[in-house]
Structures are given as C-alpha cells and as structure tokens.
*Asks:* 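Quick one: the structure is below, questions incoming.
The chains referred to below are lettered A, B, ... by the order of the sequence lines, with proteins before strands, and numbering in each begins at 1. Below, all heavy atoms of this structure are taken into account, side chains as well, without hydrogens, waters or symmetry copies.
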Number of protein chains: 2
Amino acid sequence: MSELDQVRQAGERLTRQRRAVLQALDTQGGHVTAEQLCDALRGEFPHINTGTVYRILQWLKGHSLVSETDVGIGVKVYERVCNPRHHHLVCLNCHRTIDVDDRYFHPLATALKQDLGFQARIEHFAVFGYCADCARGK
Amino acid sequence: MSELDQVRQAGERLTRQRRAVLQALDTQGGHVTAEQLCDALRGEFPHINTGTVYRILQWLKGHSLVSETDVGIGVKVYERVCNPRHHHLVCLNCHRTIDVDDRYFHPLATALKQDLGFQARIEHFAVFGYCADCARGK
DNA sequence: CTCCTTATTGCAGCAGACTGCAATAAGAGG
DNA sequence: CCTCTTATTGCAGTCTGCTGCAATAAGGAG
C-alpha cells in the first residue's frame with residue numbers, strides 16, 4: 001500500500017470506497033466496467049452508485065493507478081495498472097482483443113520526447129485494426 | 001468525388017445528407033463536433049438531428065473518410081481524413097493539442113504488422129501526456 | 001419516366017459518463 | 001478522544017452518443 005501513501009499528500013483522502021474500488025479491481029483482474037464495479041461494491045456499500053464509482057476511477061486514473069480504455073464495445077473498461085504494462089490490439093472485424101507488450105510503444109514515446117519534448121503518458125493503449133486472421137480476408 | 005463512387009458499391013447510397021456532412025467537414029476544416037455539424041446542416045435540412053449525424057459519421061468513419069478522436073474535452077471530435085495524415089498530442093495539464101506527423105507512428109504500425117500480423121488502422125491518434133512547457137514544471 | 005426494393009432518415013427513447021449540491025466523514029490539530 | 005475543516009459521497013439531474021421503428025427516398029429495373 002506504499003503507492004497509496006504517496007497519494008495521501010496534499011489533503012487527498014484515502015476513503016473506504018476508494019480502497020474498495022482498488023481491491024475489487026485487483027480481485028477481478030483484467031478489464032472491468034464501472035457498472036460491474038458498482039455491483040461488486042454494493043455488498044459493502046449498499047448506497048454506492050455509478051456517479052461515485054466514475055469519480056473514483058477518474059481519481060485513480062489521475063494517479064496512474066488505474067487505466068481507462070475504449071476497446072470498442074461501447075463501454076469504457078478499467079484495469080489496475082501493473083508492471084509490466086501491456087496494451088491491446090482490437091480487431092474491427094472479429095472484435096477480438098490481443099495483448100501486446102509495452103516495448104512496441106517505447107520507440108514512439110522516446111521519439112516524441114526527444115523531438116518535441118512531449119512526455120507521453122501511455123498507460124494503456126488500444127490500437128484498432130484488423131487481426132492476422134481477418135486481415136487475410138480483406 | 002471519385003472516392004465516394006467506390007463507396008456506392010454494395011447497395012450503399014450517397015444521400016444528400018451524407019454529401020452535406022462531408023461538405024460541412026471540408027468547409028469548417030479541423031475538429032468539429034457532431035452537434036456543430038448538426039447545427040451547420042439545419043439550414044439545408046431543418047429536421048436533421050444528432051442521431052442521424054452520428055450515424056452518418058460512423059458510416060464515413062467506416063469508409064476511412066472521416067476520423068473520430070477523443071481529445072479529452074468530453075466530446076468526440078471529427079475531421080476529414082486527408083493526406084498527409086496527422087495525429088495529436090494532448091496535454092493533460094494545459095489541454096493544448098499539438099499536431100504531430102504521421103511518420104512517428106509508422107514504426108509502430110510496421111512492427112505490429114511484421115511481428116503479429118496485425119494491420120493497424122491508425123487514421124487519427126490522440127496521445128495524452130505533458131507538453132514540453134508543462135513537463136518542466138512536473 | 002415510373003415502379004419497386006430496401007437502405008437511410010427522422011423521431012423518440014435509452015444507456016453510459018459525468019456534474020452540482022447538500023450531507024457525510026477523513027484526518028489534522030488540540 | 002473530541003473538534004473542526006473541507007474533501008468526498010450519495011443523490012438527482014444532464015448531456016453525449018447510440019438504437020428501434022415507421023416513414024421516406026436512393027437508385028436499379030422495366
């Protein structure tokens with residue numbers, strides 16, 4: 001919980017709800033929707049609602065503890081940021097998502113930093129396109 | 001308008017509304033929201049509504065004529081896809097958007113193709129992070 | 001030019017994501 | 001341990017983006 005202690009600076013509070021959201025994300029693993037999280041938390045907090053969950057997720061995202069991704073299913077999915085980081089390739093045809101290693105994105109981040117001084121924050125990317133199987137057909 | 005003729009295959013129709021959306025995108029140039037497009041079209045089509053505009057934009061996007069991007073302002077923005085393609089760096093601190101050349105993304109697309117057979121469709125990317133000015137302060 | 005098939009529009013309605021405000025509770029200070 | 005400040009929650013409401021359905025119109029056939 002050391003990374004959370006850092007966060008407690010500047011008057012930001014580590015509430016039971018925030019702790020529970022993080023724990024739920026750890027427990028479930030992989031991609032989770034805000035709605036799913038809300039349901040999971042209702043056991044401990046019967047009155048919790050999606051508004052609060054979305055706010056907590058934004059807060060966690062701002063502290064790089066959670067990633068938010070649009071994988072093209074019409075709902076945003078959230079995932080605990082862990083090392084090593086990984087990203088996703090999303091097939092526009094069969095809608096499969098393929099995990100891809102962070103190192104593919106390092107050259108891009110490095111180039112943007114060197115040439116433009118831009119410090120890219122690539123926690124979790126979703127690249128759309130066509131997977132090997134579907135690309136053949138096209 | 002030759003690119004539009006290709007689209008007319010397979011029974012897809014080139015309606016006045018679709019033509020008008022494309023023309024409005026050309027006229028306005030740069031990033032436009034669906035709401036703005038809807039307003040612009042109401043002169044010619046008094047009864048047009050956002051539902052239709054969103055559907056037309058999805059259709060144009062599917063044919064690679066228009067790009068859809070989340071630049072972090074809470075609304076999706078649309079832009080005519082033109083050559084050379086460009087992408088955007090979005091500063092999480094000052095919210096400035098910086099245009100960046102397509103060539104920065106070529107190595108990534110090539111690597112994904114070679115190693116994984118994935119044919120990335122990178123029409124218009126938005127990379128979040130901190131711009132040179134804001135990165136210094138952090 | 002007219003008819004006919006069916007893709008597309010307009011409309012109304014819905015889910016996802018977010019926000020303002022009053023009530024609550026985290027955590028610093030005494 | 002109690003008090004106090006104020007960040008956060010719960011709630012209700014809003015806006016964006018999308019979808020089903022009946023009415024309309026694109027564009028191919030005759």
*Asks:* Do the side-chain N or O atoms of A:His47 get closer than 4.0 angstrom to the phosphate oxygens (OP1, OP2) of D:dC11?
*Replies:* yes
*Asks:* Whole-Å distance between D:dC15 C1' and B:Glu35 CD?
*Replies:* 9 Å
*Asks:* Verify the contact: side-chain N or O of B:Thr50 to OP1 or OP2 of D:dT16, cut-off strictly under 4.0 Å; return yes or no.
*Replies:* no
*Asks:* For the helix from C:dC1-D:dG30 to C:dG30-D:dC1, what is the angle between the axes at its two ends, each from 5 pairs, rounded to 10°?
*Replies:* 30°
*Asks:* Relative to the 5' end of DNA chain C, which residue comes earlier, B:Arg18 or B:Pro46, by the nucleotide with the nearest heavy atom?
*Replies:* B:Arg18
*Asks:* What I'd like to find out is whether the side chain of B:Glu79 reaches to under 4.5 Å of the side chain of B:Glu68, using heavy atoms alone.
*Replies:* no
*Asks:* Using atom CG of A:Leu37 as one end and atom P of C:dC18 as the other, report the distance to the nearest whole Å.
*Replies:* 14 Å
*Asks:* Going by an N to O cut-off under 4.0 Å, is there a salt bridge joining B:Arg96 and B:Asp133?
*Replies:* yes
*Asks:* Whole-Å distance between D:dG17 C1' and B:Lys61 NZ?
*Replies:* 11 Å
*Asks:* Can you measure from OH (B:Tyr54) to SG (B:Cys38) and round to the nearest 0.5 angstrom?
*Replies:* 9.0 Å
*Asks:* Could you give the CD-to-C1' distance, from A:Glu12 to C:dG27, as a whole number of Å?
*Replies:* 14 Å
*Asks:* Specify the residue among B:Val75 and B:Thr15 whose closest nucleotide of DNA chain D lies further upstream toward the 5′ end.
*Replies:* B:Val75
*Asks:* Find the distance B:Gln17:CD to C:dC11:C1' and express it as a whole number of Å.
*Replies:* 14 Å
*Asks:* Can you confirm whether the side chains of A:His86 and A:Asp102 place a donor and an acceptor under 3.5 Å from each other?
*Replies:* no
*Asks:* Rounded to whole angstrom units, what separation is found between the CD atom of A:Gln58 and the C1' atom of C:dG16?
*Replies:* 13 Å
*Asks:* Are there any protein N/O atoms within less than 3.5 Å of an N/O atom in nucleotides 19-25 of chain D, and if so, which ones and at what distance?
*Replies:*
from   : atom 1 : to      : atom 2 : distance (Å)
D:dG20 : O6     : B:Arg55 : NH1    : 3.2

*Asks:* For the backbone of B:Thr52 and the side chain of B:Asn49, can you confirm whether one donor and one acceptor N or O come within less than 3.5 Å of each other?
*Replies:* yes
*Asks:* For B:Arg19 and D:dA26, give me the distance from atom CZ to atom C1', rounded to whole Å.
*Replies:* 10 Å
*Asks:* Measuring to OP1 and OP2 of D:dT16, would you say a side-chain N or O of A:Lys76 lies under 4.0 angstrom away?
*Replies:* no
*Asks:* Hey, are B:His87 and B:Asp99 close enough side-chain-wise for a donor-acceptor pair under 3.5 Å?
*Replies:* no
*Asks:* For this output row, return yes or no: ring centroids of A:Phe125 and A:Phe105 closer than 6.0 angstrom.
*Replies:* yes
*Asks:* Nearest-Å distance, CZ (A:Phe45) to C1' (D:dT8)?
*Replies:* 12 Å
*Asks:* Please report the closest heavy-atom contact between A:Arg121 and A:Gly62, naming both atoms and the distance.
*Replies:* NH2-O, 3.1 Å
*Asks:* Out of the candidates A:His124, A:Gln36, A:Lys76, only one should pair with A:His31 under the side chain to side chain contact (heavy atoms under 4.5 Å, CB included) rule; please name it.
*Replies:* A:His124
